[in-house]
Amino acid sequence: MPVRNRDIANAFETLADLLEIGDANPFRVRAYRNAASTVRDQSRPIRDMLAAGEDLTELPNIGDDLAGQIERFVETGHLARLDAATDKLPAGLTALLDINGIGPKRAHALYEGLGVTSVDELAAAARDQRVRALSGFGEKAEQRILHEIERQARHSPARTLLADAEEMAESLLDWIRQRAGVDKAAIAGSYRRRRETVGDLDVVVTASDPAAVSRAVTRYEDVGEVISSGETRTTLRLRGGLQVDIRVVPARAYGAAMHYFTGSRDHNIALRRRAQGHGWKLNEYGLFKDDQIIAGDTEESVYEAFSLPWIPPELRENRGEIEAAEEDALPTLIEVAEIRGNLHTHTTATDGKADLEEMAEAARDRGWRYLGISDHSRAVRVANGLDADRLARQIDEIDALNERLDDLVILKSCEVDILRDGSLDLPDSILERLDYVMGAMHGQLGLERRAQTERILEAMDHPLMRIIAHPTGRLIGRRGPVALDLDRIFEAAARNRIALEINAQPKRLDLDDQNARAARDAGVMLVIGTDAHSPAQLDFMRHGVDQARRAWLSGSDVLNTRPLNQLRDWLARGRSADG
DNA sequence: GCCGTTTTCGGCCCGACTGTTTTCAGTCG
């Protein structure tokens with residue numbers, strides 16, 4: 001099996017865990033974690049970069065030593081340092097670190113003192129009351145360990161889709177805002193950065209009496225468990241399993257706290273390094289010079305102290321946003337209000353829940369000027385995909401409906417399946433009658449990389465192809481992306497003027513943020529499509545816009561911000577205009 | 001193990017909460 005970026009990142013993470021349990025130099029441990037994060041952050045496979053002769057030490061956090069380790073890992077499939085580490089300590093110990101309350105020191109103590117090498121063995125030891133005998137542990141620690149192991153067995157600690165977290169988050173926020181003495185309350189963290197999933201919710205509150213608010217939140221109706229509760233910080237678990245951290249800070253620290261808890265961790269560290277360079281200190285209470293506060297009541301004040309403009313939360317991943325801010329080169333990010341239409345929707349003709357007219361009505365309600373109907377083609381049998389005759393009838397229906405509509409235009413399309421050999425599921429004779437053809441893959445998702453890439457490239461060579469929907473086919477948390485050489489896909493999309501979709505379904509968000517950014521940088525036009533199967537799902541547009549913002553996109557990078565006439569021009573231009 | 005507006009050596013982000021301590025280590029975010 002070829003070594004993927006996540007294999008490298010996972011190996012470095014495991015090695016870091018084992019080194020930490022073995023009480024290695026903490027900065028060396030961090031170096032491996034930082035390197036893992038860098039590798040995970042690459043939109044291109046490391047093995048492609050090596051094959052192209054690129055120098056890995058150009059990447060942040062990768063020096064000569066790690067570059068060499070990665071190179072040998074890719075060549076041999078083995079990370080020698082990890083093999084050496086697992087000779088000293090059982091690899092199963094790293095699983096103990098996933099238990100809340102157990103870190104490297106306790107994992108080491110459990111191994112040395114009780115010979116524990118797995119979560120199961122730890123559970124047995126705790127049930128036998130052998131854990132409490134260890135120095136540094138007590139009865140409470142032992143009970144907490146058992147409690148956490150049982151909770152994890154019931155509820156996997158998987159991250160929650162942002163869209164699923166929203167309802168819980170907004171209800172909690174409303175409730176907190178109504179507590180006595182609360183001034184401001186907002187959700188920070190990855191939720192505010194609009195990441196596709198959240199691990200927990202970070203709530204920042206300002207109040208005249210912080211301790212009173214900290215006590216009050218433990219009585220929120222949806223609390224399943226109070227994990228900890230102090231004067232300024234409370235950690236809860238909601239009944240649904242989602243963890244919530246609530247920090248109450250003074251009003252003068254609101255901006256600093258929002259900045260601090262919005263993160264990302266890497267963005268914060270980068271900014272704190274800058275503070276150190278000036279001899280300042282940056283924390284959740286403000287920016288300090290010799291214990292004198294110089295900024296912190298607003299986020300703007302914090303950035304301003306560094307002579308930087310405010311950076312939108314979606315960009316705060318330490319992926320060049322601080323450097324861009326420094327050069328006054330931050331993008332003007334796309335906004336929902338710029339969206340003029342939607343090019344990916346379904347109706348009851350296939351697996352949608354609403355008919356043509358209902359979808360049109362719902363699109364008009366959202367202020368859109370055009371709506372693309374793109375039902376499935378026949379290969380998607382479970383969705384009752386259209387054959388040429390049924391699609392022809394839908395085309396006639398749309399023509400008739402357009403006669404009656406004056407403020408919305410229905411565009412004729414089809415989400416036509418790209419078959420295994422790259423050919424399309426419907427004949428050109430019917431596809432020619434559409435306003436645009438959108439291609440997608442729904443089957444044979446397990447092909448190896450070369451075949452999968454050739455398949456989609458073949459479809460992109462079809463002269464009618466205009467958009468590729470959900471290009472990688474991933475389902476967040478359930479199914480990884482298909483194996484594709486995205487560099488070649490992007491190159492072909494730019495050359496053939498085919499738009500790639502950011503699918504706005506919360507479980508897809510495909511292309512993802514980094515790939516969408518790489519596509520744009522390669523000269524590709526993006527389109528945000530809701531893939532709506534009901535009128536309500538048209539509101540998924542904002543999730544797609546969130547992802548586009550994380551991809552550094554402006555309105556001009558997204559096809560469906562264009563007025564109808566310009567959209568038609570773009571769709572009609574095709575490859576013929578190239579020559 | 002990485003890195004350089006203080007540096008090629010000597011730094012490396014920082015504060016809150018808990019439980020086990022008898023003044024603080026460990027963990028977390």
Side-chain angles (χ1 to χ4, degrees), chain A residues 12 15-16 19-21 23-38 56-70 81 96-110 131-145 148 157 188-190 198-204 210-211 214 218 226-237 243-249 253 256-257 259-288 306-307 318 326:
Chain A
F12 280 163
L15 178 52
L19 288 171
E20 198 171 25
I21 294 170
D23 202 26
N25 176 347
F27 300 108
R28 191 168 159 237
V29 172
R30 187 186 298 168
Y32 277 105
R33 296 233 163 89
N34 290 340
S37 151
T38 294
L56 296 186
T57 64
E58 303 272 310
L59 300 175
N61 306 312
I62 308 287
D64 288 337
D65 183 274
L66 286 175
Q69 289 198 52
I70 292 172
R81 300 286 175 88
L96 301 189
L97 302 181
D98 292 334
I99 299 169
N100 276 327
I102 296 191
K105 295 286 191 291
R106 286 181 167 162
H108 192 247
L110 288 163
V131 171
R132 64 179 66 180
L134 286 179
S135 167
F137 292 80
E139 208 175 316
K140 280 197 172 177
E142 187 177 77
Q143 280 165 3
R144 170 140 189 239
I145 285 169
E148 283 295 324
S190 49
V198 298
D200 64 6
L201 294 176
D202 295 286
V203 186
V204 174
S214 292
T218 64
V226 178
I227 296 172
S228 71
S229 183
E231 294 276 301
T232 65
R233 174 178 150 186
T234 298
T235 302
L236 311 167
R237 192 180 308 284
Q243 185 171 313
V244 183
D245 288 323
I246 299 144
R247 343 256 173 159
V248 193
V249 298
H259 179 266
Y260 186 92
F261 294 117
T262 295
S264 67
R265 174 184 160 276
D266 288 344
H267 176 91
N268 285 358
I269 288 173
L271 213 57
R272 251 174 273 151
R273 287 223 177 96
R274 276 174 194 243
Q276 280 186 313
H278 290 94
W280 304 338
K281 185 177 69 169
L282 177 62
N283 60 31
E284 61 264 55
Y285 298 111
L287 181 62
F288 297 90
F306 293 98
S307 303
N318 198 27
E326 210 159 37

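FYI, side chains are in, hydrogens and waters are out, and symmetry mates aren't considered; it's all heavy atoms of this structure. Here is how names work: the chains are called A, B, and so on, in the same order as the sequence lines, proteins then strands, and each is numbered from 1.
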Integer angstrom distance from the P of dC9(B) to that of dC14(B): 25 Å
Where the side chain of Ser228(A) is concerned, which of dG29(B), dC17(B), dG1(B) is the nearest nucleotide? dC17(B)
Could you pick out which residue, Gly63(A) or Ile102(A), lies toward the 5' side of DNA chain B when each is mapped onto its nearest nucleotide? Gly63(A)
Between Glu58(A) (CD) and dC3(B) (P), how many Å, whole number? 11 Å
So what's dC17(B) paired with, Watson-Crick or G-U wobble, going by both distances under 3.5 Å? dG26(B)
Rounding to an integer number of Å, can you tell me how far Arg274(A) CZ sits from dC3(B) P? 16 Å
Of the listed dG26(B), dG29(B), dG1(B), the closest approach to the Arg233(A) side chain comes from dG29(B)
Between Glu20(A) and Arg33(A), is the closest basic N to carboxylate O distance under 4.0 Å? yes
Base, sugar-phosphate alone, or nothing: which one does Pro26(A) contact when heavy atoms must sit under 4.0 Å apart? nothing
Remember a base hit wins even if backbone is also touched, and classify Ser229(A) as base, sugar-phosphate or nothing at under 4.0 Å, heavy atoms. sugar-phosphate
Please pick, from dG29(B), dC12(B), dC17(B), the nucleotide with the shortest atom-to-atom distance to any side-chain atom of Thr232(A). dC17(B)
Of dG29(B), dG19(B), dG1(B), the nucleotide closest to the side chain of Asp65(A) is dG1(B)
Rounded P spacing from dG15(B) to dT21(B) in Å: 27 Å
Considering only side-chain heavy atoms of Ala141(A), which listed nucleotide, dC12(B), dG29(B), dT20(B), is closest? dT20(B)
Nearest of dG26(B), dG29(B), dG1(B) to any side-chain atom of Tyr32(A)? dG1(B)
Looking across every strand, which nucleic acid part, if any, lies under 4.0 Å from Ile227(A) by heavy atom: base, sugar-phosphate, or nothing? nothing
Taken to the nearest whole Å, CD1/Ile269(A) to P/dC2(B) is 17 Å
In whole Å, what separates the P atom of dG1(B) from that of dT6(B)? 27 Å
Does a nitrogen or oxygen in the side chain of Arg81(A) sit under 4.0 Å from OP1 or OP2 of dG1(B)? yes
Need one value for Gln143(A): base, sugar-phosphate or nothing, where a base atom within 4.0 Å counts as base even if backbone is also close, heavy atoms only. nothing
If you check every side-chain atom of Arg247(A), which of dG26(B), dG29(B), dG1(B) has the closest atom? dG29(B)
With the side chain defined as heavy atoms from C-beta on, Lys281(A) is closest, among dT27(B), dC2(B), dG15(B), to dG15(B)
Note: Ser190(A) and Gly199(A) closest approach over all heavy atoms is OG-N, 4.3 Å
Using atom P in both nucleotides, what's the gap between dT20(B) and dT27(B) to the nearest angstrom? 13 Å
How is Gln243(A) classified with respect to the nucleic acid when contacts are heavy atoms under 4.0 Å: base, sugar-phosphate, or nothing? sugar-phosphate
In this structure, which one of Ile246(A), Asp200(A), Ile227(A), Asn100(A) forms a side-chain contact (heavy atoms from CB on, under 4.5 Å) with Thr235(A)? Ile227(A)
Using heavy-atom distances to pick each residue's nearest nucleotide on DNA chain B, tell me which of Arg28(A) and Asn100(A) is more 5'. Arg28(A)
Roughly how far apart, to the nearest Å, are dC17(B) and dG10(B) at atom P? 37 Å
Specify the separation, in whole Å, of atom CG of Asp64(A) and atom C1' of dT8(B). 13 Å
Quick check: closest heavy atoms across Val248(A) and Ser214(A), and the distance to 0.1 Å? CG2-OG, 3.6 Å
Could Asp202(A) and Arg233(A) be called an ion pair, given the rule that one side-chain N must be under 4.0 Å from one carboxylate O? no
Between dT18(B) and dG11(B), how far apart are the C1' atoms? Round to whole Å, please. 31 Å
Whole-Å P distance, dT22(B) and dA16(B): 25 Å
Find the distance Asp245(A):CG to dC17(B):P and express it as a whole number of Å. 11 Å
At less than 3.5 Å, do the side-chain atoms of Asn61(A) and the base atoms of dG1(B) form a donor-acceptor pair? no
Counting any heavy atom closer than 4.0 Å, what does Asp202(A) reach on the DNA or RNA strands: base, sugar-phosphate only, or nothing? sugar-phosphate
In the structure I gave you, are the side-chain heavy atoms of Phe137(A) and Glu142(A) within less than 4.5 Å of one another anywhere? no
Minimum heavy-atom separation for Ala257(A) and Val204(A), please, with both atom names. CB-CG1, 3.9 Å
At 4.0 Å (heavy atoms only), tell me whether Arg106(A) reaches a base, stays on the sugar-phosphate, or touches nothing. sugar-phosphate
Expressed as a whole number of angstroms, how long is the span from Glu142(A):CD to dG19(B):C1'? 14 Å
Whole angstrom is fine here: how far is it from CD in Glu139(A) over to C1' in dG19(B)? 12 Å
Of the listed dC12(B), dG15(B), dT27(B), the closest approach to the Tyr285(A) side chain comes from dG15(B)
Does the side chain of Thr232(A) come within less than 4.5 Å of Val249(A)'s, by heavy atoms? no
Please work out if Arg33(A) contacts a base, only the sugar-phosphate, or nothing of the nucleic acid, heavy-atom cut-off 4.0 Å. nothing
What's the closest nucleotide to the side chain of Asn25(A) if the choices are dG15(B), dC12(B), dG29(B)? dC12(B)
Whole-Å distance separating the CG atom of Asn34(A) from the C1' atom of dC3(B): 11 Å
